[in-house]
Enquirer: 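Okay, here's the structure, questions in a sec.
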Amino acid sequence: VIEIGQPERSVVTTCAYCGVGCSFKAEMRGSELVRMVPYKDGKANRGHSCVKGRFAYGYAAHQDRILEPMVRESIDDPWREVSWDEALSFAANRLQGLQKTYGKESIGVITSSRCTNEETYLVQKLTRAVFENNNTDTCARVCHSPTGYGLGQTFGTSAGTQDFDSVEHCDVVLVIGANPTDGHPVFGSRLKKRLREGAKLIVLDPRRIDLVKSPHVKAEHHLALRPGTNVAVVTAMAHVIVSEGLFDETFIRERCEWDEFQDYVDFISDPAQSPEAIEELTGVSAADVRSAARLYACGGNAAIYYGLGVTEHSQGSTAVIGLANLAMLTGNIGKKGVGINPLRGQNNVQGSCDMGSFPHELPGYRHVKNADVRDIFERMWGVPISDEPGLRIPNMLDAAVEGTFKGLYVQGEDILQSDPDTKHVAAGLAAMDCVIVHDLFLNETANYAHVFLPGSTFLEKDGTFTNAERRINRVRKVMPPRNGYADWEVTQLLANAMGGGWTYTHPSQVMAEIAATTPSFANVTYELLDEKGSVQWPCTDATPEGSPIMHVDGFVRGKGRFIRTDYVATDEKTGPRFPLLLTTGRILSQYNVGAQTRRTENVVWHEEDVLEIHPHDAELRGVKDGDWIKLVSRSGETSLRASVTDRVSTGVVYTTFHHPTTQANVVTTDYSDWATNCPEYKVTAVQVSLSNGP
Ligand code: SF4
């Protein structure tokens, strides 16, 4: 029996793990967090939670947390603990010195989808108003940037179209490149409930995820496509819908650009796009593609839920466009039970994108070239804003290796572990003269840092997160920051050390500035959030209390736009030396690179990454379940244990990326999405052989 003790007070706040955005009551006794209780009035979770949100908060009190700022002249020197003042002056002087020597564009920031909207807004403001450039990027670059591009081009904005409640009205669910029961467990449970009630399921995934067959749930179709061929399969489904006359002509005539639809019909009707033409390429039978397409088009309300298995490809943006085409073709948009729903991996991916963290966009997805939009922010901030789009993360690293990019402020992100081609990331970081890491722990990126600024946890600050259904949830301070300052305060201190002159005293003032400058947040205030519990943007004058479903009467861009989706094979090829294709994903109990979950005292959070390999491929290599194997690609190699399973097809292997000793990204390539540079994590040609362990 564990003596927990009775709480004295509780604070309602929001889980800081995945994009479901579950509400919790943090129960406190004195300054001690006694337990996290799922909040029954939480609109995203209705009193439910998963193991991470409920139990994995021990990292906040973990001994590994760094609580004092540190600096060092060079990365070969030992760290030196200093005061906040000294650390911030050191950082400010270095950054300003670099700009003087190498130009304004020589420094930039990377912000995190773990941080609040207010923190993210301030980091992009730091870049634009204090650094005076647009070199701001977010870790969403490496996950959902293709969602931004694809949904922006077709519908006019980058956001899931539905609320989670909408799943209760689905008749058909298409899950592609997502594993909701592991990655988004509370939503996954709601989805399963709907499937048990009779909704039909189509899964497009190289791996047999739990939803394909689990107690009381069985997919009608599992299209176990070859990694890297999403676009071919999605396009073939559209071919079936058009060639068999299953499309909704009334919807298309009323809601979409008709001329562009005609061009699209010419493209999609070509037999080269048919299921038969892509059978060999994708490994999926034409009959299955045809049946799945007919079910999606004719089965009633059809909704698409997708994840990083769609976006993290060289054609990630094209695949998102292909899904939008499917929804528009069949009129599955703008009402309950339908739509396109990106399942966001981190708690605030939606929010970090909304807040202008991309180098070409100001808050609200408005291009920096737009003089009217720049004018709004110039008047608010009192400084001119560059109209030149800044550098994306990979461009920053390339420029660093070339010697033109010299300083980086990274808030809440371990790019050395998270980004592809670890060697190249390390080379970029090593080439810089000022790397500032602002984080909870001395992460792998901090090995290359000159300044370490201690970060705060979600329990130690006020703010908001925006979940995958655009729901703006309050994050409420449960305890004072152990490191002394919430992250938004640290950004303000750095801005002021560089002459920013900022005077925020509470994140609600930052939200007021967001609302004043960003139409989709126009009516968002902390008072409204306290009163309603949460709201879903857009919160415009027409919809002051939010919009659960988007594109109801018209698309954000006016008319929906069909765009052709030519399949282009990735440059990452298998061959005699690298005959298998590696793809990656998550498990329920771990979270990303494990920085938080591994620092929570419970054996559940010490599971290793394993490599799933089909029995046939394992036998060919003499590999048995549990053996150590060496995984080698053109980029690098790592060791992990084998899990022999027919969850994966022959020719495909699969692993997770949660453990630093595995460092799965040592093997991933530097190929990326053509439109956004989102890395192609999901397709790597590899060889597997027996080994003696690491
Ligand atoms: Fe947290 Fe996501 Fe689990 Fe909810 S489902 S408790 S948001 S990790």
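Predicted model, so just to flag it, every value in this text is computed and none were measured. All ligand and atom numbering here is 1-based and tracks the order in the structure.
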Enquirer: Could you list the atoms of ligand 1 found under 4.0 angstrom from a heavy atom of Pro185?
Expert: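 Within the 4.0 Å cut-off of Pro185, ligand 1 contributes 5 (S).
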Enquirer: Could you tell me which atoms of ligand 1, counted from 1 in the order shown, lie closer than 4.0 angstrom to a heavy atom of Tyr17?
Expert: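 This gives 8 (S) as the contact atoms.
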Enquirer: Answer yes or no: is there an ion pair linking Lys532 with Glu545, defined by an N-O contact shorter than 4.0 Å?
Expert: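 Salt bridge flag = yes for Glu545 with Lys532.
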Enquirer: When you measure from the side chain of Glu489 to the backbone N and O of Ala486, does any donor-acceptor pair fall under 3.5 Å?
Expert: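 Present.
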Enquirer: At a threshold of 2.8 Å, where the distance has to be below it, does atom 3 (Fe) of ligand 1 have an N, O or S atom of Cys50 nearby?
Expert: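 So Cys50 counts as coordinating atom 3 (Fe) of ligand 1, yes.
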Enquirer: With heavy atoms of Phe24 as the reference, note each atom of ligand 1 found under 4.0 Å away.
Expert: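 Near Phe24, the atoms of ligand 1 are 6 (S).
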Enquirer: Which atom names give the shortest non-hydrogen contact between Pro38 and Phe24, and what distance separates them?
Expert: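 Nearest pair, atom of Pro38 first, then Phe24: N-CD2, 3.6 Å.
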Enquirer: I'd like to know if Arg35 and Glu27 make a salt bridge, using a cut-off of under 4.0 Å between side-chain N and carboxylate O.
Expert: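 Salt bridge: yes.
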Enquirer: Tell me which part of Phe465 gets within contact of ligand 1: side chain, backbone, both or neither, using heavy atoms under 4.0 Å.
Expert: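 The answer is neither.
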Enquirer: Do Arg46 and Glu168 meet the salt-bridge criterion of a basic N to acidic O distance under 4.0 Å?
Expert: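 Salt bridge: yes.
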Enquirer: Which atoms of ligand 1 sit under 4.0 Å from any heavy atom of Cys18?
Expert: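 With Cys18 as reference, the close atoms of ligand 1 come out as 2 (Fe), 5 (S), 7 (S), 8 (S).
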Enquirer: Counting heavy atoms only, which of Asn45, Asn467, Val51, Val186 comes nearest to atom 5 (S) of ligand 1?
Expert: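 Heavy atom nearest to atom 5 (S) of ligand 1 belongs to Val186.
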Enquirer: Please compare Gly21, Cys15, Gly53 and report which has the shortest non-hydrogen distance to atom 1 (Fe) of ligand 1.
Expert: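 Selected option, by shortest heavy-atom distance: Cys15.
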Enquirer: Output, in order, the C-alpha distance, side-chain angles, deciding distance and verdict of side chain to side chain contact (heavy atoms under 4.5 Å, CB included) for Asp487 and Glu118.
Expert: CA-CA 10 Å; Asp487 294 339; Glu118 293 77 359; over 6 Å; no
